[in-house]
Structures are given as structure tokens and as C-alpha cells.
Number of protein chains: 2
Amino acid sequence: MARRQIDTRAEIRAVALQLFAEQGFEKTSLREIAERLGITKAALYYHFPSKSDLLSDVVAPLLTDVPAMLDAAERAGESDPRRILEGYFDVIARHRVVFMAMLSDIGALARLDVLPAVFGWRDRLQTLLVGPDASAADAARVTVAVGGLQDAAVMMGGGPAAEVRAAAVDAAYRALRT
Amino acid sequence: MARRQIDTRAEIRAVALQLFAEQGFEKTSLREIAERLGITKAALYYHFPSKSDLLSDVVAPLLTDVPAMLDAAERAGESDPRRILEGYFDVIARHRVVFMAMLSDIGALARLDVLPAVFGWRDRLQTLLVGPDASAADAARVTVAVGGLQDAAVMMGGGPAAEVRAAAVDAAYRALRT
DNA sequence: GTCTATAATCAGATAGAC
DNA sequence: GTCTATCTGATTATAGAC
């Protein structure tokens, strides 16, 4: 049944994401994922041809949404740093759990070749925020602002969301200004 | 020979640290470490009773230096945020590679029970920086400032170190102020 | 202190029945 | 679409010789 396949795939993704975020990609075995779903390892292999493919699938939404946000900002010629920072905060916050899973096993990402993409985001954000001819000091400021904002987005959960978002974006904005 | 033992232990630590930082704790096998040193797996077990013990040993310097820095700041009643931020930047920068190894396998750290300690640092830093009765917005500002500063310390390498340090500390300081 | 040899376990992956 | 059964290879760890 086609319905069932969609559900099972989605369930696998959800369970895998949760386990990856909790204990990292390498440490999470297919047996563990299968057991939690009440299916067998072999059934997993029907839906995903390899463990790497499962990770790719889990991480995909983040990997398309961040560039999409950057595309939009670049196309609009967005020059208000506050708007850019808000946009970035929102993408990361929306994919918090995936982002945590990525953080908790950077080694696995390196093997998947997504690290170059992530560094590419940084470059594009830097250009948007302080222009193409950034000094080492400019770059340091961007690192503090963007890195800090990322942390705040990932850790979100306690406290009124809107207030936290405003305070974090504001702080990152001030970090940027000389 | 006692001399030899010390050297071998130190060499094991160094190679393990490098591999952990490159590819994470789980992905790095004892075979790999032993091969790179030209010794056998069994020899590793002579020096470290388990893989976890090796990780603990590698991470230990960071785990003692950060609390030491916080102790000093608390004992001195340090109230200048800039000084505290400088101190934190310096500890992290000094242990950059260990810190990267920790970041690249957060799952392993969770199993070692060091995560509570790390969150403890955050709390102490927060109290030092914005006092004991922080609002959600205050906490968000601290997250941006400290998280961003951490990133800058870890990524240090390109550019004149003193200039980067000053710019990063300055940015974190501004992120903190309302 | 370092070795050889091996135990015990678990990993990811595949073949083929139902 | 899920199963049973199995393969292959790697892993951590141990025992005991030198």
C-alpha cells in the first residue's frame, strides 16, 4: 500500500532524527532504530539503501532551507543586518533538532561532504552583513554574531519565544556594529 | 623504563586527540590509533584501561582549566564583563583542538557525563556577567555573547591573533549590553 | 612494556521466502 | 513491505608469552 510506505518512511525519519540528536550518528545503530519502531533491520533497508542515505534524508530540509533563505536575501538586495539575522535565526530555530543532530556528530557530516556547504553559508552571510572586503576583525565580529545567534536559536525552548528571539537578534546586531 | 612510559602515554594522547578532533570519538578505533603509532592495540590497553579512559584523559586539561578560570573570577569578585570574556576566550583558545574534539562528538561526552559540567560553566558565567536574577532576555544575550565568543576562539587561526581576540571580546561585550 | 592470539560482540548489509 | 537467516568485517577487550 502506498499510504503505508509514506507513513513508515516518515516514522523512520522521525525516530532516526531523535536518536541521532540524542547520541550522534555513529553511535546510533540501525538495530536500535528498527527495534524502537518494532520492525527489523532488513525492513529499514527496504526504505533506505544505506545508513548514510538515511542521514542525508534527515538533514535534507535544513540543507535546502538555509540556502533558500540566503538566496532570498541576496535577490532582494537586503541590506538591513537585522532582517538578515532574523531570517537566519528563524531557519535555524525551525530546524533546531536537525541542527543539534548535525552538531552532535560533525565527523559524520564531514564524511557526507556537507561541511563545505555549511562554510559556504558563513561566507554568504558574512558578505551580506559586512560586505565582500572584510578584515580579520570584521570576520571575528561576524563569527561572534552568527555563532552566538545560532546557539540561541538551537537552545530555544525555555522562555517566551518572541522575547528570546528579539533579545538574541538584538544582541547579535550589536555585536556586529563597531 | 619509566621515561619511555611517559613518552608513550603522551604520544598516545596526542595522536588520539588529533584523530578525535578530525573524525569524532566513536568513529576513531583503537586499531587506527595504534597503527599510527606503530604499536599494537594491546599495548594501548596497557596504558589506558579502556577507550573511555583515553577520552577522559584527553579532555581533562580543558575540564580543569575552565573551572579554574571561573574560580579565580568568582574569588576576585570580578565585575568587569570584559575581563571575564577575555579570560574565557583565552582558556578556550588555549584548548582549541580539545574543544573541537568535544564539539565533534557531543554524544560521546553525554555518555561520559561531562555535559552537566559544561552547563554548569554556562550558569556560572551567566551569574558573573548579568547577575543571579537573569530574565529570559538576559539569558539569550549571554548565550549569544558566550556562544559567539566560543566560536571565535575555536576558529582562531587565520589573521593576527591579538586583533581577532580584541574584536571578538569587544563584539561579545556589546552583545551583552542592553 | 610490548607482543601474539583470540574471545565475544556488534556493526552494516544482502538473499530470498512470504 | 516485511520477514528470517546469514555473511563479512570491524570493534572493544582479555589472556598469557616474552
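First the proteins, then the strands, lettered A, B, ... as listed; each starts at 1.
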_Looking at A:T40, I'd like to know whether one of its side-chain N or O atoms comes within less than 4.0 Å of OP1 or OP2 on D:dC3._
yes
For C:dA11, does either OP1 or OP2 sit under 4.0 Å from a side-chain N or O belonging to A:S29? yes
Exercise for the section: Could you go through the salt bridge (charged side-chain N to carboxylate O under 4.0 Å, His left out) check for A:R165 and A:D90 one step at a time? Expected result: CA-CA 9 Å; A:R165 185 184 107 124; A:D90 290 339; 2.5 Å; yes
So, OP1 or OP2 of D:dT11: does either fall under 4.0 Å of a side-chain N or O from B:R31? yes
Just checking A:S52: base, sugar-phosphate only, or nothing, at a heavy-atom cut-off of under 4.0 Å?
-> nothing
A:Y45 atom OH is separated from D:dC7 atom P, nearest whole Å, by 17 Å
Side-chain atoms of B:A42 come closest, of C:dT2, D:dT14, C:dA11, to D:dT14
Taken to the nearest whole Å, NZ/A:K41 to C1'/D:dA5 is 11 Å
Output for pair (A:R83 CZ, A:L128 CG), nearest 0.5 Å, gives 13.5 Å
Rounded to whole Å, CZ of A:F25 lies from P of C:dA11 at a distance of 13 Å
A:E26 CD to C:dC10 P, in whole Å, measures 18 Å
A:I39 atom CD1 is separated from D:dC3 atom C1', nearest whole Å, by 11 Å
By nearest-heavy-atom nucleotide on DNA chain C, the more 5' of A:E32 and A:P49 is A:E32
| said: Cation-pi check for B:F25 against B:K51: NZ or CZ below 6.0 Å from the six-membered ring centre and within 45 degrees of the axis, yes or no? | reply: yes
B:H47 atom NE2 is separated from D:dT12 atom P, nearest whole Å, by 17 Å
| said: Is B:Y46 close enough to C:dG1 that one of its side-chain N or O atoms is under 4.0 Å from OP1 or OP2 there? | reply: yes
Within a radius of less than 6.0 Å around CZ of A:R82, do more than 12 heavy atoms belonging to other residues, nucleotides or ligands occur? yes
note: A:F48, atom CZ; C:dG12, atom P; distance rounded to Å ~ 15 Å
Rounded to whole Å, the CG-C1' distance (A:L37 to D:dG1) equals 14 Å
Original post:
Is any side-chain N or O of A:T8 closer than 4.0 Å to OP1 or OP2 of D:dT2?
Top reply: yes
**Asked** Does the side chain of A:S135 come under 3.5 Å of the side chain of A:D138 through a donor N or O and an acceptor N or O?
**Response** yes
